[in-house]
Chemist: 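The structure's right below; bear with me while I get my questions together.
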Number of protein chains: 2
Amino acid sequence: MLNINNIISKDYLSSKNIKPSFARIKIFEYLSNNHIHPTIDEIYHALIDEIPTLSKTTVYNTMKIFIDNKLVKLVSIEDTETRYDINVQIHGHFKCESCGKIYDFNVDLHNLLTDDLNGYNIHEKNIYFKGICNTCSNNSNTN
Amino acid sequence: MLNINNIISKDYLSSKNIKPSFARIKIFEYLSNNHIHPTIDEIYHALIDEIPTLSKTTVYNTMKIFIDNKLVKLVSIEDTETRYDINVQIHGHFKCESCGKIYDFNVDLHNLLTDDLNGYNIHEKNIYFKGICNTCSNNSNTN
DNA sequence: TTACAAGTTTGTAATGATTACAATTATATG
DNA sequence: CATATAATTGTAATCATTACAAACTTGTAA
Ligand SMILES: [Mn+2]
Ligand SMILES: [Mn+2]
Ligand SMILES: [Zn+2]
Ligand SMILES: [Zn+2]
């Protein structure tokens with residue numbers, strides 16, 4: 001089942017000093033092709049048909065490795081669900097309270113620095129909104 | 001043990017349609033006097049001496065009521081620890097990765113609206129940074 | 001090819017925060 | 001006081017995550 005994407009993913013993982021095992025490649029490709037900020041459970045169920053021996057522990061292990069090596073960022077919006085994002089650039093998240101989807105949005109956080117954080121060493125910036133998404137708003141209007 | 005603060009807290013809870021029981025008053029006052037974004041466990045241990053019969057379930061119940069009635073906001077920074085904030089205005093949080101403290105900072109999020117969210121109904125805006133706080137930076141410099 | 005070492009994956013058990021729930025206790029009102 | 005209503009409590013259940021040891025893979029060298 002070697003194809004170009006497979007090779008690219010493999011090389012990419014290698015370039016990040018992650019041994020490109022079958023499970024890791026598949027998990028990485030799932031994240032790359034599905035920018036939906038999935039949970040561990042969603043990743044697991046998306047791949048269990050293709051990798052029948054996959055265990056959730058492996059998904060947990062793999063995500064930990066990806067995070068440690070900065071391939072993936074953890075998304076903490078609800079404290080009840082841990083999600084993962086293959087997009088590690090600074091960007092905003094909008095969580096729809098109706099359908100539960102998490103949308104990305106672009107945001108420039110460089111110029112909003114405040115005096116309150118003078119002398120603070122900032123490693124990471126996160127922003128998220130909550131509300132009702134476009135699709136859900138339209139659906140409820142036409143009822 | 002009636003004092004002016006107690007009466008004020010009592011009236012305030014009543015004005016928000018929350019029956020001002022002893023536990024609720026004490027929890028509310030703890031949050032008002034300690035802007036440290038405490039966990040359930042911290043609230044519980046801070047009050048157990050004063051209210052020896054207090055149960056954690058009551059702290060959970062009370063925080064749920066406070067949140068439902070918008071007296072308190074939930075702070076989701078780490079998915080491993082749920083914290084609570086008596087300050088419900090929009091403001092930023094800075095979590096120090098060294099000492100674990102969560103600092104407030106002022107931020108104006110009104111003008112950073114992006115086209116990506118046109119048609120989206122925004123209910124809530126959250127922003128948090130992570131890094132090393134002033135105090136921890138200075139401590140490590142003088143080692 | 002075979003043997004071995006190192007790393008990966010797996011299943012199961014442990015942990016720990018949160019929730020469910022029924023019993024007990026407190027509070028308010030007549 | 002008597003009663004109804006609401007709040008509190010302790011215990012058990014739930015569920016996501018982590019710990020861990022055994023089994024399996026992979027790469028390398030004899
Ligand atoms: Mn994203
Ligand atoms: Mn705050
Ligand atoms: Zn929606
Ligand atoms: Zn610090």
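None of these values were measured; they are calculated from a predicted model.
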Chemist: Between the opening five pairs and the closing five pairs of the helix from C:dT1-D:dA30 to C:dG30-D:dC1, how far apart are the helix axes, to 10°?
Modeler: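 Angle reported: 10°, given to the nearest ten degrees.
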
Chemist: Partners of A:Asn118 by side chain to side chain donor-acceptor pair (under 3.5 Å), sequence neighbours excluded?
Modeler: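 A:Asn118 satisfies side chain to side chain donor-acceptor pair (under 3.5 Å) with no other residue.
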
Chemist: List for me each residue that meets side chain to side chain donor-acceptor pair (under 3.5 Å) alongside B:Thr58, sequence neighbours excluded, and say none if there are none.
Modeler: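 Here the qualifying residues are B:Ser55.
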
Chemist: Only counting residues at least two apart or in another chain, list the ones meeting salt bridge (Lys or Arg N to Asp or Glu O under 4.0 Å) with A:Asp115.
Modeler: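 Testing A:Asp115 for salt bridge (Lys or Arg N to Asp or Glu O under 4.0 Å), a comparison that skips the adjacent residues, returns none.
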
Chemist: Closer than 3.5 angstrom, by distance alone: can the side chain of A:Glu50 be matched with the main-chain N or O of A:Leu47 as a donor-acceptor pair?
Modeler: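 Here the side-chain-to-backbone pair does not exist.
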
Chemist: My understanding is that only residues two or more places apart in sequence, or in another chain, count here; which of them pass salt bridge (Lys or Arg N to Asp or Glu O under 4.0 Å) with B:Glu81?
Modeler: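 Checked B:Glu81 against salt bridge (Lys or Arg N to Asp or Glu O under 4.0 Å); matches are B:Arg83, B:Lys95.
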
Chemist: Taking only residues at least two apart or on different chains, which pairs with a member in residues 41-67 of chain A satisfy ring-ring contact (aromatic ring centres under 6.0 Å, His included)?
Modeler: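 Residue pairs with at least one partner in residues 41-67 of chain A: there are none.
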
Chemist: Please tabulate, one pair per line, each protein N/O and nucleotide N/O from nucleotides 7-9 of chain D that are separated by under 3.5 Å, including the distance.
Modeler:
| from | atom 1 | to | atom 2 | distance (Å) |
| --- | --- | --- | --- | --- |
| D:dA7 | OP1 | B:Arg24 | NH1 | 2.6 |
| D:dA7 | OP1 | B:Arg24 | NH2 | 3.2 |
| D:dA7 | O3' | B:Ser21 | OG | 3.4 |
| D:dT8 | OP1 | B:Ser21 | OG | 2.4 |
| D:dT9 | OP1 | B:Thr53 | O | 2.3 |
| D:dT9 | OP1 | B:Thr53 | OG1 | 2.9 |
| D:dT9 | OP1 | B:Leu54 | N | 3.1 |
| D:dT9 | OP2 | B:Ser55 | N | 3.0 |
| D:dT9 | OP2 | B:Thr58 | OG1 | 2.6 |
| D:dT9 | O5' | B:Thr53 | O | 2.9 |

Chemist: List in chain and number order the residues that pass salt bridge (Lys or Arg N to Asp or Glu O under 4.0 Å) with B:Asp41, two or more places apart in sequence or in another chain; answer none if no residue qualifies.
Modeler: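 Salt bridge (Lys or Arg N to Asp or Glu O under 4.0 Å) check on B:Asp41 returns B:Lys56.
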
Chemist: State which residues pass side chain to side chain donor-acceptor pair (under 3.5 Å) with B:Asn61; sequence neighbours excluded, sorted by chain then number.
Modeler: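 Scan of B:Asn61 (side chain to side chain donor-acceptor pair (under 3.5 Å), adjacent residues dropped) gives none.
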
Chemist: Walk me through whether A:Ile40 and A:Tyr84 qualify under side chain to side chain contact (heavy atoms under 4.5 Å, CB included).
Modeler: CA-CA 8 Å; A:Ile40 292 287; A:Tyr84 300 87; 3.6 Å; yes

Chemist: Identify which one of A:Val72, A:Ile67, A:Leu71 satisfies the side chain to side chain contact (heavy atoms under 4.5 Å, CB included) criterion when paired with A:Asn69.
Modeler: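 The option that passes is A:Leu71.
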
Chemist: Going 5' to 3' along DNA chain C, which are the first and last nucleotides with any atom under 4.0 Å from a heavy atom of chain A?
Modeler: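 Contact span on the strand: C:dG7 to C:dT12.
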
Chemist: What does B:Thr82 touch in the nucleic acid at a heavy-atom separation under 4.0 angstrom: a base, only the sugar-phosphate, or nothing?
Modeler: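 Sugar-phosphate, backbone atoms only, no base.
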
Chemist: Can you name the side chain to side chain donor-acceptor pair (under 3.5 Å) partners of A:Asp104, sequence neighbours left out?
Modeler: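 Side chain to side chain donor-acceptor pair (under 3.5 Å) check on A:Asp104 returns A:His37, A:His91, A:His93.
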
Chemist: For DNA chain D, which residues in residues 36-46 of chain B have a heavy atom at a distance below 4.0 Å?
Modeler: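 Under 4.0 Å from DNA chain D: no residue of residues 36-46 of chain B.
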
Chemist: Below 6.0 angstrom between ring centroids: does that apply to B:Tyr120 and A:Phe129?
Modeler: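 Ring centroids of B:Tyr120 and A:Phe129 are no less than 6.0 Å from each other.
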
